[in-house]
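This report refers to the structure that appears directly beneath it.
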Amino acid sequence: MEQGSGLRLVEGAVPDTAVSEVLLMSAGTGAASVGEFRRIAHANLRAGVPCRALFPDSARLSGTARALALAGARVRTDTEVPMEALVLDRESVVLPAERSGRGCHCVAAFRLAGMVTATAGLFERAWRTAVPLGPSEATEDEMLTARERDLLMLLCSGSTDESAAAQLGISVRTVGRMVADIMNRLGARSRFQAGAKAVDRGWVPAGYRMTG
C-alpha cells in the first residue's frame, strides 16, 4: 500500500512502544487481535507508560481486566464499549481487521490525525461515564454505585424525584437520601452545584446538570 496513506495492515506483532499514554478499548467481541492489544498494554505498563482501559461490565470479574488493573492500569467498565481499539500516544490507532479471502486476523494501524482524534474522543466520552473497576482507579468516597450513577443520569436528564424513583424501583424518600449523600460527598450546597461538580469529576457527561 502507499507509504503516504498513514495506514498499514499488520500480521503478527504490532509496533507497540508508547511514550506518554496507552488507551485500550475492548468491546468483548473475542477478536483474536485484541489479545495483541492487551499484550501491548502490559508491555507499556512494565515500561512505566500510563494505561487506561475500558471493558464491558460483563468483564468486571474477568482475569484480563483485573490483570491489567493489578499491573497498574486504570480500568473502568460500562454497559457497552463502542469498539475494539488501541491508541498509542494519541499519534496512532490500531484496529482489528480481517483480511478477506485468507481468514487471518490482522490489524490496521493508522497514523491519520482525524482517525486518531475520533477514536481517542470516543474513548474519552465512554470513560467519563464508565465505572471504576477498583480502588486503584478511585477512592471509595469517589466511587459511585451503579444505582447512584443511574440516579444521577436520570436527574441530570430532567427526571423528577418521583419519576426517577419509579424507573429505579425505589421510594422517593430513598431518592432524596441518595441525592443528599451524593451532595455531601461532592461538597455541594445545591442540586445545581452538585450537577456541575458531578460533571467536573466525570460522574456524568458534560452538558448535563441537575436542577431543583
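Index from 1, following the sequence.
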Checking [X] now: which residues fulfil side-chain hydrogen bond (donor to acceptor under 3.5 Å, both in side chains) with it, not counting sequence neighbours?
X   : value
T77 : D57, R60
S58 : none
T79 : none
D78 : T129, R149

Separation of T17 OG1 from I40 CD1 (nearest 0.5 Å):
9.0 Å
Between [X] and [Y] (side chain of the first, backbone of the second, donor and acceptor by atom type, cut-off under 3.5 Å), is there such a pair?
X    : Y    : value
S159 : L155 : no
S157 : M153 : yes
R76  : W127 : yes

For R177, check salt bridge (charged side-chain N to carboxylate O under 4.0 Å, His left out) against everything at least two apart and list the hits.
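Partners of R177 under the salt bridge (charged side-chain N to carboxylate O under 4.0 Å, His left out) test: none.
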[X]: what forms a side-chain contact (heavy atoms from CB on, under 4.5 Å) with it, not counting sequence neighbours?
X    : value
P82  : M25, L122, A126
A180 : none
A71  : H42, L45
R189 : Q193

Once ring-ring contact (aromatic ring centres under 6.0 Å, His included) is applied, do any residues pair with F55, and if so which ones, sequence neighbours excluded?
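Testing F55 for ring-ring contact (aromatic ring centres under 6.0 Å, His included), a comparison that skips the adjacent residues, returns none.
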Smallest heavy-atom separation, A65 atom then A59 atom, equals CB-O, 3.5 Å
Under 3.5 Å, which donor-acceptor pairs do the side chains of residues 87-97 form with other protein atoms, sequence neighbours left out?
| unit_1 | atom_1 | unit_2 | atom_2 | d |
| --- | --- | --- | --- | --- |
| D89 | OD1 | V19 | N | 3.0 |
| D89 | OD1 | S20 | N | 2.7 |
| D89 | OD1 | S20 | OG | 3.0 |
| D89 | OD1 | E21 | N | 3.0 |
| D89 | OD2 | V19 | N | 2.8 |
| R90 | NE | E21 | OE1 | 2.9 |
| R90 | NH2 | E124 | OE2 | 2.4 |

Can we say R191 and D161 salt-bridge, meaning some charged N sits less than 4.0 Å from an Asp/Glu carboxylate O?
yes
Please list, one pair per line, the donor and acceptor atoms closer than 3.5 Å that link side chains of residues 162-169 to other protein atoms, with sequence neighbours excluded.
| unit_1 | atom_1 | unit_2 | atom_2 | d |
| --- | --- | --- | --- | --- |
| S163 | OG | Q167 | NE2 | 3.0 |

Walk me through it: do L24 and R52 pass the test side-chain contact (heavy atoms from CB on, under 4.5 Å)?
CA-CA 6 Å; L24 169 65; R52 287 186 287 158; over 6 Å; no
